[in-house]
Protein chains: 6
Amino acid sequence: MSVAIRNIPRADPTSVAELAKYGSATVHEAMGRAPGLMAPWMRPAWAGAATCGTAVTVLALPGDNWMLHVAAEMLQPGDLLVVALASPCEDGLFGELLATSYVSRGCKGLVMEAGVRDVRALTAMQFPVWSRAISARGTVKATPGSVNIPIICAGALVNPGDVIVADDDGVVVVPRAEAATIAAASAQRETKEDAVRARLAAGELGLDIYGMRENLKKAGLVWRDKSP
Amino acid sequence: MSVAIRNIPRADPTSVAELAKYGSATVHEAMGRAPGLMAPWMRPAWAGAATCGTAVTVLALPGDNWMLHVAAEMLQPGDLLVVALASPCEDGLFGELLATSYVSRGCKGLVMEAGVRDVRALTAMQFPVWSRAISARGTVKATPGSVNIPIICAGALVNPGDVIVADDDGVVVVPRAEAATIAAASAQRETKEDAVRARLAAGELGLDIYGMRENLKKAGLVWRDKSP
Amino acid sequence: MSVAIRNIPRADPTSVAELAKYGSATVHEAMGRAPGLMAPWMRPAWAGAATCGTAVTVLALPGDNWMLHVAAEMLQPGDLLVVALASPCEDGLFGELLATSYVSRGCKGLVMEAGVRDVRALTAMQFPVWSRAISARGTVKATPGSVNIPIICAGALVNPGDVIVADDDGVVVVPRAEAATIAAASAQRETKEDAVRARLAAGELGLDIYGMRENLKKAGLVWRDKSP
Amino acid sequence: MSVAIRNIPRADPTSVAELAKYGSATVHEAMGRAPGLMAPWMRPAWAGAATCGTAVTVLALPGDNWMLHVAAEMLQPGDLLVVALASPCEDGLFGELLATSYVSRGCKGLVMEAGVRDVRALTAMQFPVWSRAISARGTVKATPGSVNIPIICAGALVNPGDVIVADDDGVVVVPRAEAATIAAASAQRETKEDAVRARLAAGELGLDIYGMRENLKKAGLVWRDKSP
Amino acid sequence: MSVAIRNIPRADPTSVAELAKYGSATVHEAMGRAPGLMAPWMRPAWAGAATCGTAVTVLALPGDNWMLHVAAEMLQPGDLLVVALASPCEDGLFGELLATSYVSRGCKGLVMEAGVRDVRALTAMQFPVWSRAISARGTVKATPGSVNIPIICAGALVNPGDVIVADDDGVVVVPRAEAATIAAASAQRETKEDAVRARLAAGELGLDIYGMRENLKKAGLVWRDKSP
Amino acid sequence: MSVAIRNIPRADPTSVAELAKYGSATVHEAMGRAPGLMAPWMRPAWAGAATCGTAVTVLALPGDNWMLHVAAEMLQPGDLLVVALASPCEDGLFGELLATSYVSRGCKGLVMEAGVRDVRALTAMQFPVWSRAISARGTVKATPGSVNIPIICAGALVNPGDVIVADDDGVVVVPRAEAATIAAASAQRETKEDAVRARLAAGELGLDIYGMRENLKKAGLVWRDKSP
């Protein structure tokens with residue numbers, strides 16, 4: 001059945017604002033590297049794109065972008081549209097016109113496991129987009145999918161209202177209920193990394209900072225002065 | 001048989017000049033999304049490349065760029081070289097030297113379903129190139145292919161003299177005989193999109209502008225206030 | 001067995017400095033297009049990256065970056081780290097912290113057939129990196145591999161101390177013992193290309209400069225004025 | 001955190017037995033083509049394999065099959081092991097020895113988005129296996145994952161206790177709570193298809209059986225006697 | 001525009017019957033290895049499938065198999081259905097029911113650059129099928145494509161009425177007008193190969209049979225007794 | 001330079017005969033899972049193929065099978081031809097005629113990272129072949145490569161005279177000098193596995209046989225009775 005859900009609970013704005021300070025790698029580490037990272041073939045349409053927002057989800061059919069219009073109505077400021085496809089598709093389901101519409105709704109970006117087009121215009125607008133491909137191929141509007149149901153996008157489960165953190169390194173999904181905890185863990189991680197970075201820059205080795213030598217030996221590593 | 005055809009009919013310059021104003025997505029839509037769009041794995045060698053020209057076609061063998069020299073002689077100002085391969089190949093069949101030669105003939109760019117190299121030089125020259133890969137691997141000059149025969153490049157049929165429109169979004173082939181019609185249709189489409197863009201920017205929804213709600217209901221979409 | 005070799009012979013610095021003047025395509029041509037070029041899916045993490053250095057090699061396990069810490073200790077100024085994986089992997093085995101450590105050792109860059117992350121920071125640091133993917137996914141530190149053994153990275157054999165030349169066009173491996181010879185051949189090739197470039201720019205054809213017409217005919221190419 | 005859950009609710013045996021009568025295509029159609037079908041690159045290790053069972057789930061790390069031993073203890077007769085990987089992996093995580101162990105626990109088969117080996121032995125044992133690849137490459141046992149947590153395998157969400165239907169056409173996941181409903185819908189669908197099959201075999205057209213001509217016309221299809 | 005053409009010229013039955021005697025490799029060689037061979041990712045759904053027939057062509061949309069019903073009406077005994085997709089698709093657009101319908105029309109097989117399902121039934125029926133994938137995923141019937149227009153399927157141009165020769169080695173397209181010529185060339189080639197096969201079986205070398213030694217030397221090959 | 005080496009040292013026949021008793025997975029484990037396993041996309045042309053022999057190596061150019069004729073002369077009974085390509089290629093470089101020639105020389109099979117054809121005939125002849133693809137596409141004979149030089153085939157280094165063990169699970173390369181050692185280790189491993197197999201078949205768990213529980217706990221695995 002095709003359904004479009006109007007009202008969804010969203011992650012609290014304070015946690016979203018906090019998560020927006022960190023990169024996708026930091027946040028994913030803070031999650032304990034649990035599932036929630038999209039596949040690396042999801043790439044930004046322009047270099048330097050980075051965003052964070054609450055997910056409005058779409059399940060669309062291959063070659064059909066009808067639901068991207070239906071979803072526009074559900075967008076609130078701070079939302080980010082996440083689109084999964086019923087089966088793999090690289091057609092250009094999204095371009096300048098929809099971006100214009102989404103921007104007018106306060107949308108923070110698009111993450112879609114299909115193709116996008118009008119890359120030059122999207123870059124000029126600085127509208128952040130992650131996609132599987134770039135393609136000029138247009139679509140039909142013939143078969144409805146759904147809006148705001150749980151979806152699997154690029155290998156990651158996304159529930160409506162989850163927080164999406166996306167940048168040059170990839171796209172990570174923070175479950176709504178864990179947003180505050182993971183924001184805090186991200187902050188902690190960043191602080192710890194700042195300290196390590198300074199020591200590494202000064203020439204200290206990770207081997208010593210993390211005390212790895214003993215464990216490496218136990219695990220079977222042998223150091224040799226020369227190749228035999 | 002290997003053949004190099006010297007004289008080909010080309011699309012009329014007025015239509016080519018008109019088509020050069022539009023992007024590949026607009027032109028492909030104006031074609032009614034008929035076949036004629038190359039596969040999305042054809043990517044520009046440098047960001048922002050955009051061009052339009054009449055096709056001189058080459059069928060080359062994998063790992064062999066001999067015909068790219070033969071084709072140079074056929075190039076006239078306003079032409080664009082389109083190269084298909086007898087079987088898939090990512091070797092660097094094209095680089096700075098051939099680009100220098102083509103520029104001296106007034107060539108508008110290269111579209112080739114193989115690899116290219118000297119990306120830094122091509123970028124500096126602003127010579128527009130679309131390819132399947134970037135590769136430093138050189139080639140032999142051992143087996144002739146053909147010049148100016150119909151080819152299939154990246155899934156699209158290209159006849160010598162067809163118009164090629166290429167930009168960040170992809171590469172589209174406009175059949176020579178349809179150049180004028182499709183140029184006109186592209187202009188019309190652009191005008192129509194300008195009007196829609198303004199309304200979308202003002203916050204109107206595509207759902208209302210295009211009157212989609214009724215058809216979505218008929219097609220089975222159900223709106224719900226909340227997830228059950 | 002897991003082994004980390006401390007002392008390796010390196011290509012002589014004069015040859016390395018000479019090879020650093022040329023691009024990967026020139027150097028690979030100078031090698032007679034022998035094996036030694038990595039697969040074209042090895043791409044720079046940021047546009048314009050170019051480097052040259054002597055290889056310290058790592059064999060790592062999928063999803064495990066422990067050996068990248070072990071290798072840090074082996075790095076000397078002018079070295080470049082080359083990492084092969086025991087089986088294909090796109091996880092982010094390398095990022096800003098390790099880059100900071102490597103920079104402090106005088107490392108010239110990283111070539112790794114896995115994923116990297118912190119692309120924004122790597123770009124800001126201008127630390128040159130070639131990889132199979134970009135991925136925010138972190139790794140474990142559980143199983144040792146080896147350092148400074150012969151490896152096969154992206155289809156090319158790399159021995160510790162070989163010279164690596166990497167730029168926008170790809171990554172080429174110059175065997176340590178052949179560094180001087182190939183540096184000389186690269187210089188020769190560049191000189192020859194300069195002369196040809198000038199003639200091509202002036203409108204002369206490769207067909208005539210290289211005297212190809214006769215061989216093309218012998219190989220079966222037929223020129224025709226028009227398509228039949 | 002790595003966790004191994006011992007007791008899971010399983011779909012009721014009557015529904016599993018009923019679902020076992022139908023193929024994956026029939027069951028997926030009966031689900032209304034909702035998400036739940038794994039990607040088509042999941043292929044049987046031997047032609048003709050077909051099975052049905054309740055899912056015991058594993059999340060494993062790339063190149064590490066430790067959790068496949070942990071999961072063995074959780075297997076009950078009628079179960080089927082479903083293994084997701086923290087990141088893509090084609091190594092041979094499963095072979096004859098583990099199959100022998102699983103068979104002794106009454107296991108109905110394995111579905112794993114990684115590689116398997118000992119194909120000859122698996123075929124001889126007629127142990128049904130679906131995998132992403134076949135690979136002789138062995139693994140380490142170094143880092144724990146989890147058992148019986150929700151996983152995403154080959155693009156489909158699998159909860160412990162769900163029903164897995166797998167055959168030559170693919171692998172479908174039936175949510176535990178919907179097993180009875182979907183079993184009934186599958187039966188209905190099969191009955192309806194039997195009737196249609198007879199009419200098609202007798203030469204009647206789908207166009208007429210399903211009354212498609214009118215809708216095709218409305219959707220814009222034009223019949224012509226000859227090509228213009 | 002969507003169009004279904006009812007009457008098409010077909011290759012003459014004598015040539016088709018003659019071509020049916022040869023394998024796809026022989027026929028493609030007889031064509032002078034001109035374009036006309038589909039990509040090697042087109043594989044038979046069951047081992048040993050081999051067929052030959054005249055093409056009825058379909059252009060379908062991704063995830064939509066409506067036109068496969070429209071095409072059924074156009075099929076005459078000896079025809080073979082060839083289906084191209086407007087964009088890449090691996091869904092199961094074809095299965096047992098359509099096969100039943102096609103068999104009742106005397107259809108010789110299916111070649112489709114998408115997915116098929118019901119592999120077990122197709123094997124039992126011995127209905128020959130070549131496809132890009134096997135997938136249980138069903139489709140919608142929402143958007144018409146076309147029947148009996150020129151299409152590009154798996155990289156090869158197919159015109160309605162062309163001869164399709166398909167077996168374990170691949171799928172080759174023989175242009176309708178060249179069917180007789182190529183059938184004759186195939187026969188000749190087979191005769192020549194029979195003679196060569198006997199000599200090779202007797203221990204003679206291809207080097208001597210084809211007189212290659214001199215040309216190899218001229219092309220630069222050097223024989224050495226031992227590695228230096 | 002293109003060179004064909006006539007005389008190569010080969011692994012001793014006793015070790016080859018011993019290695020022929022074991023599968024590729026067993027042998028690769030016996031090597032300590034060192035590099036030497038080809039990529040899993042190397043697949044047998046017919047199910048059940050298994051062979052073992054000493055490598056005669058070829059480096060060929062894409063779309064060119066000339067060197068497969070040159071290599072025929074180097075083949076001695078017990079040899080197996082291993083072919084690497086200068087760049088990726090899926091064309092059908094090998095078929096029935098060359099197989100006939102090789103059989104007459106006592107050749108044990110072919111391993112080639114390109115395409116093969118005449119699958120039906122190869123199956124009938126029971127000539128074992130592993131390849132990257134199956135393709136009817138023929139080749140030219142224009143540019144020499146080399147015979148009996150070290151090559152990298154499907155990611156594995158192969159020196160002339162190494163032992164190749166290939167079966168349904170993959171292709172493994174045993175360095176010539178280690179053939180005896182690895183044959184012995186394979187035998188040992190097989191004996192050990194026989195004992196474990198019996199215990200697993202009797203219902204014992206790998207967890208207990210290998211004593212894994214303690215290490216799993218130390219590594220952080222937590223067992224729970226129920227999902228929270």
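In what follows, every chain begins at residue 1, and chains take the letters A, B, ... in the order their sequences are listed. As a basis for the values below, the full set of heavy atoms in this structure was taken, side chains included, without hydrogen atoms, waters or symmetry mates. Since the model is a prediction, treat every value here as computed from it, not as a measurement.
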Query raised in the report: With sequence neighbours excluded, what pairs up with Phe94(F) under the ring-ring contact (aromatic ring centres under 6.0 Å, His included) test?
Result: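 By the ring-ring contact (aromatic ring centres under 6.0 Å, His included) rule, Phe94(F) matches Tyr102(F), Phe127(F).
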
Any residue of [range] which, by heavy atoms, sits under 4.5 Å from chain F:
| range | result |
| --- | --- |
| residues 6-15 of chain D | Arg6(D), Asn7(D) |
| residues 34-45 of chain D | none |
| residues 145-177 of chain D | Gly145(D) |

Portion of [X] that has a non-hydrogen atom of chain F nearer than 4.5 angstrom:
| X | answer |
| --- | --- |
| Arg105(D) | side chain |
| Val3(D) | both |
| Met74(D) | side chain |

Query raised in the report: Who among Ala47(F), Ala201(F), Gly23(F), Ala50(F) has the most heavy-atom pairs with chain D under 4.5 Å?
Result: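 Ranked by heavy-atom pairs under 4.5 Å with chain D, first place is Ala201(F).
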
Query raised in the report: Which of the residues Met212(F), His28(F), Glu193(F) is involved in the greatest number of heavy-atom pairs with chain D at under 4.5 angstrom?
Result: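 Top count of heavy-atom pairs under 4.5 Å with chain D: Met212(F).
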
Query raised in the report: Who among Glu96(D), Met1(D), Glu90(D) has the most heavy-atom pairs with chain F under 4.5 Å?
Result: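 Max contact count across the listed options: Glu96(D).
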
Requested in this report: Name the member of Leu98(D), Val116(D), Asp118(D), Val103(D) that forms the most heavy-atom pairs with chain F at distances under 4.5 Å.
Outcome: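 Ranked by heavy-atom pairs under 4.5 Å with chain F, first place is Asp118(D).
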
Query - Per-residue contact mode, Asn215(F) against chain D (heavy atom under 4.5 angstrom) - result: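 Both parts, heavy atoms under 4.5 Å.
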
**Report entry** Arg213(F), part contacting chain D, at a heavy-atom distance under 4.5 Å
**Finding:**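 Contact with chain D is through the side chain of Arg213(F) alone.
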
Give me the atom names and distance for the closest heavy-atom approach of [X] to [Y].
| X | Y | answer |
| --- | --- | --- |
| Leu97(D) | Arg197(F) | CD2-CB, 3.7 Å |
| Ala136(D) | Ser24(F) | CB-OG, 3.6 Å |
| Leu205(F) | Glu73(D) | CD1-CG, 3.6 Å |
| Ser104(D) | Leu200(F) | OG-O, 3.3 Å |

Query raised in the report: Under a 4.5 Å cut-off applied to non-hydrogen side-chain atoms, are Leu221(F) and Trp66(D) in contact?
Result: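 SC-SC contact between Leu221(F) and Trp66(D) ruled out.
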
